[in-house]
Novice: 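Dropping the structure in here first, questions after.
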Number of protein chains: 2
Amino acid sequence: MNNKKHVSLKDLAEELGVSVSTVSRALKDSPEVGEEMRERVKKLAGEWNYRPNPFAISLLKNNPRIIGIIVPDIVTHFYSSIISGISDVARKNHYSVIITSSYEQYELEKQCVEDLMNIRVEGIIACISQETTDYAHFESLIMQRVPLVFFDRVCLHGRCSCVVADNAESGKAATEHFLHHGAKRIGFIGGANHLDIVKQRKHGYLDALRQYQIPIERELIVCEKMTYEEGREATRKLLALPCPPEAILAMNDTLAFAAMKEIKEQGLRIPQDVALIGYTDELHSNYVEPALTAITHQTYEMGVASCNLLLQHLQKNQSPKKVVVPTRLIVRGSSVKSPFSKIE
Amino acid sequence: MNNKKHVSLKDLAEELGVSVSTVSRALKDSPEVGEEMRERVKKLAGEWNYRPNPFAISLLKNNPRIIGIIVPDIVTHFYSSIISGISDVARKNHYSVIITSSYEQYELEKQCVEDLMNIRVEGIIACISQETTDYAHFESLIMQRVPLVFFDRVCLHGRCSCVVADNAESGKAATEHFLHHGAKRIGFIGGANHLDIVKQRKHGYLDALRQYQIPIERELIVCEKMTYEEGREATRKLLALPCPPEAILAMNDTLAFAAMKEIKEQGLRIPQDVALIGYTDELHSNYVEPALTAITHQTYEMGVASCNLLLQHLQKNQSPKKVVVPTRLIVRGSSVKSPFSKIE
DNA sequence: TTGAAAGCGCTACCAG
DNA sequence: CTGGTAGCGCTTTCAA
């Protein structure tokens with residue numbers, strides 16, 4: 001048709017012999033344009049496959065309708081599932097989403113913030129990296145009044161909205177589950193201590209022990225990085241104790257699967273010798289053997305909640321809110337010793 | 001400082017008492033600007049945290065530096081890993097990435113194309129949905145000269161670039177592996193027949209059988225949708241045959257894990273009663289028991305290759321290329337009957 | 001070495 | 001009901 005890549009209002013106007021203003025109005029069903037005119041314009045726009053140039057509109061209105069996301073990584077099911085929830089809500093509200101990964105690194109996380117600001121996203125939804133202990137890059141966003149919502153791993157409490165799981169409760173519930181089923185010496189494998197989620201889940205764990213008047217043993221608590229290898233190492237440490245734990249609570253799916261592998265490789269049985277509970281999503285817990293008892297996050301819902309929260313902030317200035325998305329303890333084979341287990 | 005959300009060239013120019021042109025030039029180290037001037041401009045730009053408005057630049061240059069991605073879903077590790085590869089290459093080349101999901105639905109896939117075109121991405125990287133058999137929405141992209149690269153599930157051969165695994169070879173290799181280890185009756189669980197990947201892998205499977213002069217039995221080949229439930233059902237069908245297969249090749253990880261579950265639930269042993277090979281990534285194959293022998297895709301590399309290919313097309317008009325990323329058969333416990341298995 | 005002005009595509013205001 | 005025009009922020013001529 002014409003050599004230019006995109007059709008503009010001007011192109012349409014020239015072809016129809018009218019002004020750009022008229023074409024613009026006709027296309028958005030302005031009441032001040034003639035019925036017949038509207039028809040003609042729309043017909044040609046359809047034929048020529050006209051699409052409004054989003055950059056012109058963003059330039060004009062200063063609202064690019066883009067939301068930025070920062071996650072530690074995108075391949076972990078937990079995050080991709082949350083992203084999925086965010087994207088769906090965003091799309092329904094005619095927002096695009098740009099996803100960036102910090103790869104659990106502080107420096108890269110700062111870069112992500114920088115990149116998103118350069119793209120001029122309207123707001124950011126983030127989950128901080130394991131490494132991050134300084135939050136200046138996020139504080140600067142608050143100063144610039146860029147709406148900001150954290151999920152799962154949060155910071156700057158009270159200064160921006162966040163979506164979290166009921167961490168303390170779930171840590172307590174898992175621990176109580178062990179206690180109800182006869183285990184008294186319970187190991188806890190967590191991630192870096194400075195993370196809120198670690199603190200809170202550990203808090204729940206300790207709380208349950210206290211309530212049941214179980215003495216707390218420091219060496220049963222191992223908090224390092226949340227990687228597969230560290231999980232193996234932590235489990236090895238626990239099992240090598242003079243008096244090893246009868247049960248282990250692992251703080252995410254990588255750690256849980258690592259613990260499971262290590263326990264098995266040492267020739268111990270799950271749950272008879274060591275019971276195991278993880279934090280994970282439903283997908284893979286069923287594939288392993290025994291099926292993994294786990295605290296299940298409603299990841300998709302967390303994404304939906306995060307995006308809704310951000311949209312609220314985008315629409316009007318609002319004081320920070322905190323949304324707690326409940327978890328559930330799904331009991332499978334890895335935690336309950338069958339009544340016959342002691343006879344075997 | 002000032003109430004406006006963003007600092008513009010004009011703001012800087014006014015403050016410095018010079019023209020916008022000068023500021024613009026100074027900022028991009030144009031040789032025709034004075035040393036001292038450049039210093040002053042850059043200093044103020046830094047202090048005021050000036051960022052060029054990307055929409056103005058996109059409007060002007062008509063290159064928004066955004067790449068669109070269409071995947072069947074984002075939560076499957078296979079796709080998220082490929083996305084990860086694409087994103088990394090894109091970011092290194094100062095491109096942003098917008099990810100959309102078709103949820104394996106034809107209608108939504110068309111919508112994704114539409115959305116990405118509205119955003120005016122410079123090019124698109126896509127993996128077609130299971131449902132898609134009509135490719136008009138992609139053909140229209142070719143007509144509009146929008147660079148397009150397919151990966152894994154491809155179409156419109158020869159008309160656009162694509163990145164694929166060595167499907168036929170891998171299907172053949174897996175089948176030969178079974179044959180070498182004594183299985184003769186091999187079941188094949190695939191996805192919808194119209195998909196290239198299914199055809200090619202089946203081709204490899206049949207090829208191996210022919211070469212070893214094993215009669216081909218139609219009822220050993222089950223091709224339905226690639227969902228967990230269909231995988232269970234397909235396995236059930238195979239095992240219910242008068243003469244059930246000694247080995248099963250499952251066409252992706254969902255199907256493989258489904259098959260594993262079903263085989264176990266029927267009280268059969270893997271690999272003694274039924275050997276199993278899947279197509280999957282390394283991550284979860286090791287968690288299950290027995291560990292799953294699998295054709296491993298180099299997913300991250302496929303993403304890297306796809307993005308590189310697209311960038312080439314973006315830089316200059318080029319005839320379509322096809323990149324084949326080799327797979328590897330990783331032998332684990334699920335396929336090799338131990339020498340003692342028959343004694344047990 | 002610097003400034004003025006046009007124009008990218010669009011909207012919105014003011015005239016007619 | 002329709003047209004003209006200014007302006008969003010930036011780059012890029014052309015003049016000085």
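Order of the sequence lines sets the chain letters (A, B, ...), proteins ahead of strands, with each chain counted from 1. Heavy atoms only: backbone and side chains are in, while hydrogens, waters and symmetry mates are out. Note that the coordinates shown come from a computational prediction; the quantities given were computed from them, not determined experimentally.
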Novice: Checking B/Glu47 against B/Lys43 for the salt bridge (charged side-chain N to carboxylate O under 4.0 Å, His left out) test, could you report, in this order, the C-alpha distance in whole Å, the side-chain angles of both residues, the deciding distance, and whether it holds?
Specialist: CA-CA 6 Å; B/Glu47 283 169 5; B/Lys43 182 152 172 291; 3.2 Å; yes

Novice: Could you please name the option among C/dG9, D/dC8, C/dT11 that lies closest to any side-chain atom of A/Asn53?
Specialist: C/dG9

Novice: Please report, rounded to the nearest Å, how far the P atom of C/dT2 is from the CG atom of B/Leu27.
Specialist: 14 Å

Novice: Looking at B/Lys61, I'd like to know whether one of its side-chain N or O atoms comes within less than 4.0 Å of OP1 or OP2 on D/dC10.
Specialist: no

Novice: For nucleotides 1-3 of chain D, list the nitrogen or oxygen atoms of the protein found under 3.5 Å from its nitrogen or oxygen atoms, one pair per line.
Specialist:
{"from": "D/dT2", "atom 1": "OP2", "to": "A/Gly34", "atom 2": "N", "distance (Å)": "2.9"}
{"from": "D/dG3", "atom 1": "OP2", "to": "A/Ser19", "atom 2": "N", "distance (Å)": "3.1"}
{"from": "D/dG3", "atom 1": "OP2", "to": "A/Ser19", "atom 2": "OG", "distance (Å)": "3.1"}
{"from": "D/dG3", "atom 1": "OP2", "to": "A/Thr22", "atom 2": "OG1", "distance (Å)": "2.3"}
{"from": "D/dG3", "atom 1": "N7", "to": "A/Arg25", "atom 2": "NH2", "distance (Å)": "2.7"}
{"from": "D/dG3", "atom 1": "O6", "to": "A/Arg25", "atom 2": "NH1", "distance (Å)": "3.1"}
{"from": "D/dG3", "atom 1": "O6", "to": "A/Arg25", "atom 2": "NH2", "distance (Å)": "3.1"}

Novice: Give me the atom names and distance for the closest heavy-atom approach of A/Trp48 to A/Val7.
Specialist: O-CG2, 3.3 Å

Novice: Would you say D/dC10 has OP1 or OP2 under 4.0 Å from some side-chain N or O of B/Lys10?
Specialist: no

Novice: Through what angle, rounded to 10 degrees, does the axis of the helix from C/dT1-D/dA16 to C/dG16-D/dC1 turn between its ends, using five pairs per end?
Specialist: 50°

Novice: Specify the separation, in whole Å, of atom CZ of A/Arg65 and atom C1' of C/dC10.
Specialist: 17 Å

Novice: Which residues pass the ring pair (Phe, Tyr, Trp, His ring centres under 6.0 Å) test with B/His313, sequence neighbours left out?
Specialist: none

Novice: Whole Å only: how far is the CG atom of A/Asn62 from the P atom of C/dC10?
Specialist: 18 Å

Novice: Round to a whole Å and report the spacing from CZ of B/Phe55 to P of D/dC10.
Specialist: 12 Å

Novice: Closest to the A/Leu59 side chain: D/dG9, D/dT12, C/dT11?
Specialist: D/dG9

Novice: Scan side-chain atoms only and decide if A/Ser84 and A/Ser81 contain a donor-acceptor pair under the 3.5 Å cut-off.
Specialist: no

Novice: If you measure from the Lys or Arg side-chain nitrogens to the Asp or Glu carboxylate oxygens, is any gap between B/Lys10 and B/Glu15 under 4.0 Å?
Specialist: no

Novice: Write down the distance between CZ (B/Arg51) and P (D/dC10), rounded to a whole number of angstrom.
Specialist: 13 Å

Novice: Would you say the ring centers of B/Phe151 and B/His297 fall short of 6.0 Å from each other?
Specialist: no

Novice: Send over the distance from B/Leu12 CG to C/dT2 P, rounded to a whole Å.
Specialist: 16 Å

Novice: Have a look at A/Val149 and tell me which of A/Ile124, A/Val323, A/Leu309 forms a side chain to side chain contact (heavy atoms under 4.5 Å, CB included) with it.
Specialist: A/Leu309

Novice: Just the rounded figure in Å: distance from P of C/dG9 to NZ of A/Lys28.
Specialist: 17 Å

Novice: Of all the heavy-atom pairs spanning B/Arg51 and A/Met117, show the shortest one and how long it is.
Specialist: NH1-CB, 3.4 Å

